[in-house]
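There's a structure below that I have some questions on.
Here is the naming used below: chain letters follow the sequence lines, and residue numbers restart at 1 for every chain. None of these values were measured; they are calculated from a predicted model.
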Amino acid sequence: MADFYITTAIDYVNGLPHVGHAYEKVLTDVIARFRRLMGDSVYFLTGTDEHGQKVQQTARARGVPPRQFADEVSAEFRAMLPRLLISNDDFIRTTEERHKRVVRELLQRLFDKGDIYRGEYRGFYSTRQEQFLLEKDRNPDGSWPDIYGEVTQIAEPNYFFRLRSYQEWLVEFLARNEGFVFPRFRQKQVTEFLKDPLNDLCISRPRERLEWGIPLPFDPSFVTYVWFDALANYYSAVADRPGVWPAALHVIGKDILVPPHAVYWPIMLHAAGLALPRGLLVHGWWLTSGAKMSKSAGNAFNPLELVDEFGADALRYFFIREMNVGQDGDFSRELFLVRYNSDLANDLGNLVNRVLNMTSRFAGGAVPAAGAEGEAELELRALWEATSRDYVALFGQYQFHTGLERLFAFVRSINAYVEKRAPWKLGKSADPADRALLQTSLAVMAEALRLASAALRPVMPGATATIDGVLGSRPSGAWLDELAWGGRLAGAKVSPALVLFPRPLPAAGKAP
RNA sequence: GCCAGGGUAGCUCAGUGGUAGAGCAGAGGACUCAUAAGCCUUUGGCCGCGGGUUCGAUCCCCGCCCCUGGCACCA
């Protein structure tokens, strides 16, 4: 059983992981962790897409069998997951038997039903590249680029899927389910696309041209082409797990919404008599506007370098804080460092440090119980009530960047509260009223930090676990209860001060 | 060309039919528990351009300009 089955797109193994891959995993993971904390039973799938022309060609060029090549690259993608603290439950490869079996079943079912038929594919073919070309492959003047060599128009038999006969159904489905695609404007794009008549979809390639694929069960001289292979992973991974399908959410990039995920996939499922996913979440891309400031060496850098340097939590925070889901975002080392320094090191990390330090110095290392609350305490508490309520609601609507903005405004308010009470002054006073206020202020700052940490857990699972640990907090019970202001830490033994997010050393040895 | 998104302070962005906001960067100040961090104050904007509706528009309508992406049998 699963209340919330969530997937990333599977990654094509013809290239190595880059920022976009890392972002999609992190975004999906944040949603998965959030849903788990909200009490859902979550099943989280990711994986790799491994068949096809390009893999076959690249493998051949390297002189290795496609299977071996796919193994190597798939392993790279897989290795990235733990480094980003991704909490996936499963990892599917389209070369696995469990996948191929389901693909064959799906194809056979549709073939028997008459939704797949044999026809003829016509197009421009490049013998040198061994592939059909598209109109967009042409030069602006209509000629074909030299890399294709001689281009001829040929026809070959192939199998087709009756997309067209389901177009009307899909249009109606989308009209009835306005929130199927998030953000809304993406669904409008789908609707626009469907205003023109669909052509049936060519779903096969003759084996003489493409061997690296899944043979059609009803005609082994063909393999199935990308659509029925790659898209089916979402279903094949859980076909043997009762109660998991349909997916609650497919997280994908905007490049593969129309037509694959918004047109082909729903029609494939509907034709096969399977339930549709409940929604698609379409994210944008990270752009490197720094094309102009590309003098500095590292404009094309691996996101995992930032993980090595600053930790997975920091990169995850940047991804989620900086990107408005659905829009594009700017990615550069400079932007990352601004977020890291100001939000993580200065605001949050330093707060952790000073809370621990003051608790040790002024309360013997145990969080005191709060006494009577004054105006400053009530204000901070009221801010938390509003912040936590909005934060949870915003996360539910995929407005993570706004949620984090609000949460860090709260973190800054904790810092302001500390300044207002100035425990270091109270600690020098012998006045009983000051002593009481000292206890209260230490309790309140620790509690506020505990709450901020709990809220941040889906985004920064590592760092927040550390914060919980050093505060002597043991998360238990429902997350929403944890997010309620209370006195949970009274009596907790805190650890000695630590530096959670060290400020990077100033760049040494700059080029003259 | 068609469709969509965006064009708001130096940078990244939020925002509402009624004298424009946050963070970062810049300037000044008080403090010291802390990662020279945090806190307080502050400089700074014909809200892309031109029309229109309105008592009044950054926000509504029309046109235009610029940036980004998609336009299918492509992973």
What is the distance, rounded to the nearest whole Å, between atom CH2 of A/W424 and atom P of B/C39?
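Roughly 11 Å, once rounded to whole Å.
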Mind checking A/L500 for me? I need base, sugar-phosphate or nothing, with any heavy atom below 4.0 Å counting as a touch.
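The residue A/L500 makes base contact.
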Quick one: on RNA chain B, does A/F362 or A/W227 contact a more 5' nucleotide (nearest heavy atom)?
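By nearest-heavy-atom nucleotide position, the 5'-most residue is A/F362.
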Parallel, tilted or perpendicular: which one describes the rings of A/W169 and A/H270, with boundaries at 30° and 60°?
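A/W169 and A/H270: parallel rings.
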Can you tell me, in whole Å, how much space there is between the C1' of B/C13 and that of B/C31?
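That atom pair is separated by 32 Å.
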Whole angstrom value for the distance that separates P of B/C67 from CD of A/Q327
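The answer, rounded to whole Å, is 19 Å.
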Could you state the atom-to-atom distance from CG of A/L231 to P of B/A72 in whole Å?
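After rounding, the reported distance stands at 18 Å.
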Ignoring hydrogens and geometry beyond distance, is the side chain of A/N353 in donor-acceptor contact with the base of B/A34 at under 3.5 Å?
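Check fails, no donor-acceptor contact within cut-off.
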Taking B/G29 as the reference, what is the distance to B/C66 when you measure between their C1' atoms (whole Å, please)?
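43 Å, rounded to whole Å.
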Pairing partner of B/A4 (Watson-Crick or G-U wobble, both distances under 3.5 Å):
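Pair assignment: B/A4 / B/U68.
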For the side chain of A/E419, counting heavy atoms from C-beta on, which of B/C39, B/C73, B/A4 is nearest?
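Out of B/C39, B/C73, B/A4, the nucleotide with an atom closest to A/E419's side chain is B/C39.
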May I ask you to check whether A/R503 and A/N346 show a side-chain donor-acceptor distance below 3.5 Å?
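Side chains of A/R503 and A/N346: pair found under 3.5 Å.
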Minimum-distance nucleotide (side-chain atoms of A/F160 versus B/G38, B/C3, B/C73)
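Nucleotide nearest to A/F160's side chain: B/C73.
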Base partner of B/A57, which must satisfy Watson-Crick or wobble distances under 3.5 Å:
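Across all strands, not a single nucleotide pairs with B/A57.
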Toward the 5' end of RNA chain B, which comes first, A/Y225 or A/L351, by nearest nucleotide?
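So the residue in question is A/L351.
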Would you mind reading off the distance between A/D196 atom CG and B/C73 atom P, rounded to a whole angstrom?
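Result: 14 Å.
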Between B/C33, B/G38, B/A72, which nucleotide gets closest to the side-chain atoms of A/M358?
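Looking only at heavy atoms from C-beta outward on A/M358, the closest nucleotide is B/C33.
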Which part of the nucleic acid, if any, lies within reach of A/L198 when heavy atoms closer than 4.0 Å are counted: base, sugar-phosphate only, or nothing?
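Base, at least one base atom sits under 4.0 Å.
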Using a 4.0 Å heavy-atom cut-off across all strands, classify A/G349 as base, sugar-phosphate, or nothing.
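If one applies the 4.0 Å heavy-atom cut-off, A/G349 turns out to touch a base.
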Kindly assign one of parallel, tilted or perpendicular to the pair A/H261 and A/Y234, based on the angle between their ring planes and the thresholds 30° and 60°.
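Tilted: the ring planes of A/H261 and A/Y234 meet at 30° to 60°.
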Kindly assign one of parallel, tilted or perpendicular to the pair A/Y159 and A/F111, based on the angle between their ring planes and the thresholds 30° and 60°.
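Perpendicular, since the angle between the ring planes exceeds 60°.
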Hey, can you tell me if A/F182 and A/Y398 have their rings parallel, tilted or perpendicular (30° and 60° cut-offs)?
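Ring orientation, 0 to 90° scale: perpendicular.
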A/R67 atom CZ: more than 12 heavy-atom contacts under 6.0 Å:
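Count over threshold, so yes.
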At under 4.0 Å between heavy atoms, what does A/F408 touch on the DNA or RNA strands: base, sugar-phosphate, or nothing?
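Counting heavy atoms under 4.0 Å across all strands, no contact is made by A/F408.
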Under 4.0 Å, counting only non-hydrogen atoms across every strand here, what does A/N199 touch: a base, just sugar-phosphate, or nothing?
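Base, at least one base heavy atom under 4.0 Å.
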May I have the distance from A/L498 (atom CG) to B/U35 (atom C1'), rounded to whole angstrom?
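The answer, rounded to whole Å, is 11 Å.
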Could you tell me how far B/U12 sits from B/G17 if I compare only their P atoms? Round to whole Å.
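Between the two P atoms, the distance is 27 Å.
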Go through the steps to decide whether A/T152 and A/F124 satisfy the test side chain to side chain contact (heavy atoms under 4.5 Å, CB included), and finish with yes or no.
CA-CA 5 Å; A/T152 52; A/F124 292 94; over 6 Å; no
is_close_aromatic(A/Y264, A/F161), centroid dist under 6.0 Å:
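No, too far apart.
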Mate of B/C73 where both pairing distances stay under 3.5 Å, Watson-Crick or G-U:
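Its partner is none (no Watson-Crick or G-U wobble pair with both distances under 3.5 Å).
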Figure out the CG/C1' separation between A/L394 and B/C13, and round it to whole Å.
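Checked: the CG to C1' distance equals 15 Å.
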Picking from B/C40, B/A34, B/U12, which would you name as closest to the side chain of A/E322?
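For A/E322, the side-chain atoms sit closest to B/U12.
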Taking pairing as Watson-Crick or G-U wobble with both contacts under 3.5 Å, can you name the mate of B/C49, or confirm there isn't one?
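Pairing partner, where one exists within any strand: B/G63.
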Can you check the distance between B/U42 and B/C3, where both ends of the measurement are the C1' atom (answer in whole Å)?
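Nearest-Å result for B/U42 against B/C3 at atom C1': 46 Å.
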A/Y12 OH to B/A75 P: how many Å, rounded?
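So the OH-P distance, A/Y12 to B/A75, works out to 7 Å.
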So what does A/D255 hit on the nucleic acid, given a heavy-atom distance under 4.0 Å: a base, only sugar-phosphate, or nothing?
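Counting heavy atoms under 4.0 Å across all strands, the contact made by A/D255 includes a base.
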Between B/C71 and B/G51 - C1' atom distance, rounded Å:
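That atom pair is separated by 32 Å.
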On a whole-Å scale, what distance lies between the C1' atoms belonging to B/C59 and B/G6?
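Taking atom C1' in both B/C59 and B/G6, they lie 16 Å apart.
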For A/N233 and A/T94, which I'm curious about, is there any donor-acceptor pair between the side chains at under 3.5 Å?
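On atom types as modelled, these side chains do not qualify, holding no pair under 3.5 Å.
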With a non-hydrogen cut-off below 4.0 angstrom, is A/N350 in contact with a base, only sugar-phosphate, or nothing?
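Contact class for A/N350: base.
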Quote, to the nearest angstrom, the C1' distance that separates B/G26 from B/G7.
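25 Å, rounded to whole Å.
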With no hydrogens and no angle check, do the side chains of A/S204 and A/N158 hold a donor and an acceptor under 3.5 Å apart?
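Looking only at side-chain atoms, A/N158 and A/S204 do form a donor-acceptor pair, the distance falling under 3.5 Å.
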Is there a Watson-Crick or G-U wobble partner for B/U19 with both distances under 3.5 Å, and if so, which one is it?
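Across all strands, not a single nucleotide pairs with B/U19.
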Watson-Crick or G-U wobble mate for B/C31, both contacts under 3.5 Å:
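No nucleotide pairs with B/C31.
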Among B/A75, B/C39, B/G69, which nucleotide sits nearest the side chain of A/I256?
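Ranking B/A75, B/C39, B/G69 by closest atom to the A/I256 side chain puts B/A75 first.
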Please confirm whether A/F77 and A/F91 have ring centers closer than 6.0 angstrom.
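They do not qualify: ring centres at least 6.0 Å apart.
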Looking only at side-chain atoms of A/K54, point me to the closest of B/A75, B/G6, B/G69.
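Of all the options, the side chain of A/K54 is nearest to B/A75.
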Specify the separation, in whole Å, of atom CG of A/L257 and atom P of B/G5.
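Nearest whole value for this atom pair: 14 Å.
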Tell me whether the side-chain N/O atoms of A/K188 come closer than 4.0 Å to OP1 or OP2 in B/G5.
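Yes.
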Below the 4.0 Å mark, does B/U35 have OP1 or OP2 next to a side-chain nitrogen or oxygen of A/R354?
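Indeed not, no polar side-chain atom of A/R354 lies that close.
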Given protein heavy atoms under 4.0 Å, the one-letter contact record of nucleotides 23-29 of chain B, with B base, S sugar-phosphate only and - none, is simply SS-----
In whole Å, what separates the P atom of B/G18 from that of B/C60?
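Their P atoms lie roughly 12 Å apart.
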Reckon A/A345 touches a base, only the sugar-phosphate, or nothing at all at heavy-atom distances under 4.0 Å?
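Base, at least one base atom sits under 4.0 Å.
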Nearest to the side chain of A/N415 - B/G38, B/C73, B/A4?
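The answer is B/G38.
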